[in-house]
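Working notes, beginning with the structure itself.
In this chain, numbering begins with 1 at the start of the sequence shown. Because the structure is predicted, anything quoted here is derived from the model rather than measured.
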Amino acid sequence: MRAAAIGLWLFATAVTALGLYGDRCRWWDNAPFATNLVSSVAGASFGVPIALLILATLSAQQALMTAQREAQKFAIRLLRRIADAPRMDFELSSDYEQIDQIVTILGRAREFVRSHPNGYQAIGSVIDPPPSPRGQIKQAERLLQGFPTAVARCAYDCSGAWELFRTEARLRLAEHGLPSVDYERARHIEQAVEALKSMDRRLGAELKLSEIWERYEQTDTRHLTANLTWLDDSDSELLADPPAHALVKTVDAIELALTAMRTLMVEASAAVRDLEGAG
């Protein structure tokens, strides 16, 4: 394009010089058509390259803007997939009330078990024993129907979308001079995705909360744990009450998975708003 423009300008200069010389020599006095033709050729040779350069510049700018829009749409589409995965895979409400409800129920059950690690039978002789949260456990189990499968599906969907964003979408945004997800937000999303992938392995095929709780209610291990207090997970081999330990571990895994889902919904949605605002 540039070489053609320079060639046309040189040709136009030559034609202009020829025309001016022809005026001095009165070549065109009796040739008005030739006069107009030479003038038109000179003018076109000057103007056409300028017009082509302007059009080429506008075309390049348009192509850049189109590429930027496509890169941004691609990134936003992947982030929306991550933000929507928990809602689609586990039908979580967007106001997070369902997560809060489940976490509250499971938290109470866990604290109950931590307070009575010897089993529910061990507190039967206590005056005014605390009521068993069996009903809340069953409620949580109903709310968590199909949860392990949903976690596995959500982990698969989010890890695939995040890998595409990290290896392709982020590079396309940088290539076109567009902002990406900030470091902290990206770190939170990546940690949540990894947490879901690990929870997929820990939760198993089904939760069996009620089954574990029934085993706990039938347990009395005071004769085994007379000198023991509740131990941390790092000392799990010393725990003398398998049902209580299994329940706490299951509740911890569920809470971590729900927290990861909430993090993905919050952070990925915020990242979408950031990218849309930048556009």
Side-chain angles (χ1 to χ4, degrees), residues 80-124 128-159 192-221 230 233 236 239 241-269:
R80 278 186 176 145
R81 276 176 55 187
I82 295 172
D84 292 340
R87 300 187 185 101
M88 300 293 292
D89 295 329
F90 189 52
E91 299 181 357
L92 289 172
S93 57
S94 57
D95 56 6
Y96 315 118
E97 287 183 2
Q98 186 178 355
I99 292 179
D100 294 338
Q101 182 184 9
I102 296 172
V103 168
T104 299
I105 292 172
L106 295 179
R108 289 171 181 168
R110 179 177 53 204
E111 291 309 311
F112 185 96
V113 173
R114 286 185 181 277
S115 300
H116 309 94
N118 292 324
Y120 192 72
Q121 292 293 325
I123 61 176
D128 295 328
S132 168
R134 176 191 291 185
Q136 292 183 327
I137 289 290
K138 289 185 178 296
Q139 180 187 4
E141 194 168 50
R142 285 194 300 272
L143 291 171
L144 290 166
Q145 187 71 33
F147 186 66
T149 302
V151 170
R153 194 162 52 237
C154 187
Y156 177 81
D157 293 341
C158 291
S159 61
V193 169
E194 292 301 319
L196 272 187
K197 290 164 66 177
S198 66
M199 289 307 104
D200 176 24
R201 295 186 290 270
R202 287 176 58 180
L203 286 173
E206 52 183 316
L207 294 178
K208 300 181 179 179
L209 280 173
S210 294
E211 180 182 322
I212 298 173
W213 183 260
E214 287 175 5
R215 287 170 53 206
Y216 168 76
E217 283 194 338
Q218 298 168 7
T219 302
D220 183 353
T221 58
W230 186 261
D233 291 343
S236 59
L239 293 173
D241 186 10
H245 180 244
L247 186 67
V248 171
K249 293 285 286 184
T250 302
V251 168
D252 286 346
I254 294 171
E255 278 196 1
L256 284 172
L258 287 170
T259 301
M261 286 181 168
R262 180 170 184 160
T263 298
L264 290 175
M265 288 191 289
V266 171
E267 296 292 352
S269 296

Gap separating the CG atom of Leu264 from the OG1 atom of Thr259, nearest 0.5 angstrom: 11.0 Å
Quick check: closest heavy atoms across Ile82 and Cys158, and the distance to 0.1 Å? O-SG, 3.9 Å
If I take atom CG from residue Leu144 and atom OG1 from residue Thr250, how far apart are they, to the nearest 0.5 angstrom? 11.0 Å
Between atom CZ of Arg262 and atom CD of Glu255, what is the distance when rounded to the nearest 0.5 Å? 12.0 Å
Looking only at heavy atoms, the pair that brings Val251 and Arg110 closest together is CG1-NH1, 3.9 Å
Is the number of heavy atoms from other residues, nucleotides or ligands within 6.0 Å of CD (Gln139) greater than 12? yes
Check ion pair Lys197-Glu194 (N to O, under 4.0 angstrom): yes
Looking at every non-hydrogen atom in both residues, tell me the closest pair between Leu106 and Ile254 and how far apart they are. CD1-CG2, 3.4 Å
Closest approach of Ala195 and Ala260, non-hydrogen atoms and distance? CB-CB, 4.1 Å
Going by an N to O cut-off under 4.0 Å, is there a salt bridge joining Asp84 and Arg87? yes
Roughly how far, to the nearest 0.5 Å, is CE of Met261 from OG1 of Thr263? 11.5 Å
Looking only at non-hydrogen atoms, find the nearest pair between Arg81 and Asp157 and report the distance. NH2-O, 4.1 Å
Examine distances only and state if a side-chain atom of Ser269 and a backbone atom of Val266 form a donor-acceptor pair shorter than 3.5 Å. no
